[in-house]
A.B. asks: 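I have a structure I would like to understand better, so I am pasting it below and will then ask my questions one at a time.
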Number of protein chains: 2
Amino acid sequence: MARDESGFSHPDEGTLSLEAIFHALSDPYRLRIVRALAASAVPMNCGDLSFGRPKSSMSHHFRILRAAGVLHTTSQGVEHMNSLRRDMLDRRFPGLMAAILGETGQSAAGDHPRRLTPA
Amino acid sequence: MARDESGFSHPDEGTLSLEAIFHALSDPYRLRIVRALAASAVPMNCGDLSFGRPKSSMSHHFRILRAAGVLHTTSQGVEHMNSLRRDMLDRRFPGLMAAILGETGQSAAGDHPRRLTPA
DNA sequence: TCATTTGTTCGATAAGAATGGAACTAATCC
DNA sequence: GGATTAGTTCCATTCTTATCGAACAAATGA
């Protein structure tokens, strides 16, 4: 866990814990953040990922996602830019993010129960 | 969420929530239960999955895993037999369990399942 | 019927996490 | 310097979760 140039501390690959990742993803706002980042081609700042909630609350959620290794934050001017640590996660837990994001061809889509034939 | 013949209530496929699943998996004992079940060819009773902890504590963990849809419990005599709801989870969130259990060929080493039976 | 085994439920306590206002810091621009 | 913007930190409150003993319930077997 090294403190970056930007002043944020991010865990390194070797110290990732599945439990911490699951805890990070067990909150609805945090899951929305992850999905928004996954859908975005470019890093996003915290404001754009606030969903109308208070800054202090969201700052808390960003910290947890960072600590779990799910996202990476850097300063750019006044803003803090966030991106998924997708490469690292894919190396360490192959298939996990794809499954979460429903990138399987089949579709674990969004939590919308997929209506195939009423089985 | 129907209450079974056995008296346990298990959510049905359509109502599974990723958040609940993640919460269920964010506890170390619950993750051990899941891994042990995944490694076992046959259902296991609660006692065999207690890891030396008090029954009341573990009963709580089983309830959470059941409510999240991760495992299925039935009564057999005095025992409660548990198994992973692997088929359902795989349909609804393809790849998720495989990723968690490190069944990717590569390896999510570190906190991975010990492979009892050669794949 | 009584005792045993297996697990659940209850209840109290303690630990942890989420929330949001207020004060604060850092970068930028005037 | 002063004002603005973007987030963080601090703090108190509230909510949720974990833990585990004790009492309980169901199935089985003597």
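Throughout, protein chains are lettered first and strands after them, A, B, ... in sequence-line order, and every chain is numbered starting at 1. Reckoned from all heavy atoms, side chains included, excluding hydrogens, waters and symmetry mates.
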A.B. asks: Judged by modelled atom types alone, do A:His61 and A:Arg30 share a side-chain donor-acceptor pair under 3.5 Å?
C.D. replies: yes
A.B. asks: At 4.0 Å (heavy atoms only), tell me whether A:His23 reaches a base, stays on the sugar-phosphate, or touches nothing.
C.D. replies: sugar-phosphate
A.B. asks: Please confirm whether the shortest side-chain N or O distance from A:Arg53 to OP1 or OP2 of C:dT19 is below 4.0 Å.
C.D. replies: no
A.B. asks: Rounded to whole Å, please give me the gap between CG in A:Asp27 and C1' in C:dT19.
C.D. replies: 11 Å
A.B. asks: What's the CG-P distance between A:Leu65 and D:dT8, to the nearest Å?
C.D. replies: 12 Å
A.B. asks: According to a strict under-4.0 Å criterion, is A:His80 in side-chain N/O contact with OP1 or OP2 of D:dG7?
C.D. replies: no
A.B. asks: Nearest to the side chain of A:Ser56, which nucleotide is it out of C:dG21, D:dA18, D:dT19?
C.D. replies: C:dG21
A.B. asks: Measure from NE2 on A:His60 to C1' on D:dA6 and round the result to the nearest Å.
C.D. replies: 19 Å
A.B. asks: Rounded to the nearest 0.5 Å, what separates atom CZ in B:Arg86 from atom CG in B:Leu96?
C.D. replies: 9.0 Å
A.B. asks: Test your reading of the model: is there a side-chain donor-acceptor pair from A:Ser26 to the backbone of A:His23, 3.5 Å cut-off?
C.D. replies: yes
A.B. asks: Phosphate oxygens OP1/OP2 of C:dT19: is one of them under 4.0 Å from a side-chain N or O of A:Ser57?
C.D. replies: no
A.B. asks: Tell me: CD1 of A:Ile64 to C1' of C:dG16, nearest whole Å?
C.D. replies: 10 Å
A.B. asks: What are the two closest heavy atoms between A:Ala99 and B:Gly95, and how far apart are they?
C.D. replies: CB-C, 3.6 Å
A.B. asks: Measure the CG-CG distance between A:Leu49 and A:Leu37 for me, rounded to the nearest 0.5 Å.
C.D. replies: 5.0 Å
A.B. asks: Distance check needed: D:dG7 C1' versus A:Phe8 CZ, whole Å only.
C.D. replies: 8 Å
A.B. asks: Can you measure from CG (B:Asn82) to CG (B:Leu71) and round to the nearest 0.5 angstrom?
C.D. replies: 5.5 Å
A.B. asks: May I ask you to check whether A:His80 and A:Phe8 place their ring centres under 6.0 Å from each other?
C.D. replies: yes
A.B. asks: With respect to the phosphate group of C:dT19, does any side-chain polar atom (N or O) of A:His61 fall under 4.0 Å of OP1 or OP2?
C.D. replies: yes
A.B. asks: If you check the A:Arg63 side chain, which of D:dG7, C:dT6, D:dT9 turns out closest?
C.D. replies: D:dT9
A.B. asks: I want to verify a distance call: between D:dA6, C:dG20, D:dT19, whose nearest atom is closest to the A:Pro54 side chain?
C.D. replies: C:dG20
A.B. asks: Nearest to the side chain of A:Arg66, which nucleotide is it out of C:dG20, D:dT8, D:dT19?
C.D. replies: D:dT8
A.B. asks: From CD of A:Glu79 over to C1' of D:dT5, roughly how many Å is that when rounded to an integer?
C.D. replies: 9 Å
A.B. asks: Calculate the interatomic distance between A:Lys55 atom NZ and D:dT8 atom C1'; express it in whole Å.
C.D. replies: 9 Å
A.B. asks: C:dT8 P sits how many Å from B:Leu49 CG, rounded?
C.D. replies: 11 Å
A.B. asks: Below 3.5 Å between N/O atoms, which protein atoms pair up with nucleotides 26-30 of chain D? Just atom names and distances, please.
C.D. replies:
none

A.B. asks: What distance do A:Leu65 atom CG and A:His72 atom NE2 have between them, rounded to the nearest 0.5 Å?
C.D. replies: 13.5 Å
A.B. asks: Can you check whether B:Asn45 has a side-chain N or O nearer than 4.0 Å to OP1 or OP2 of C:dT6?
C.D. replies: no
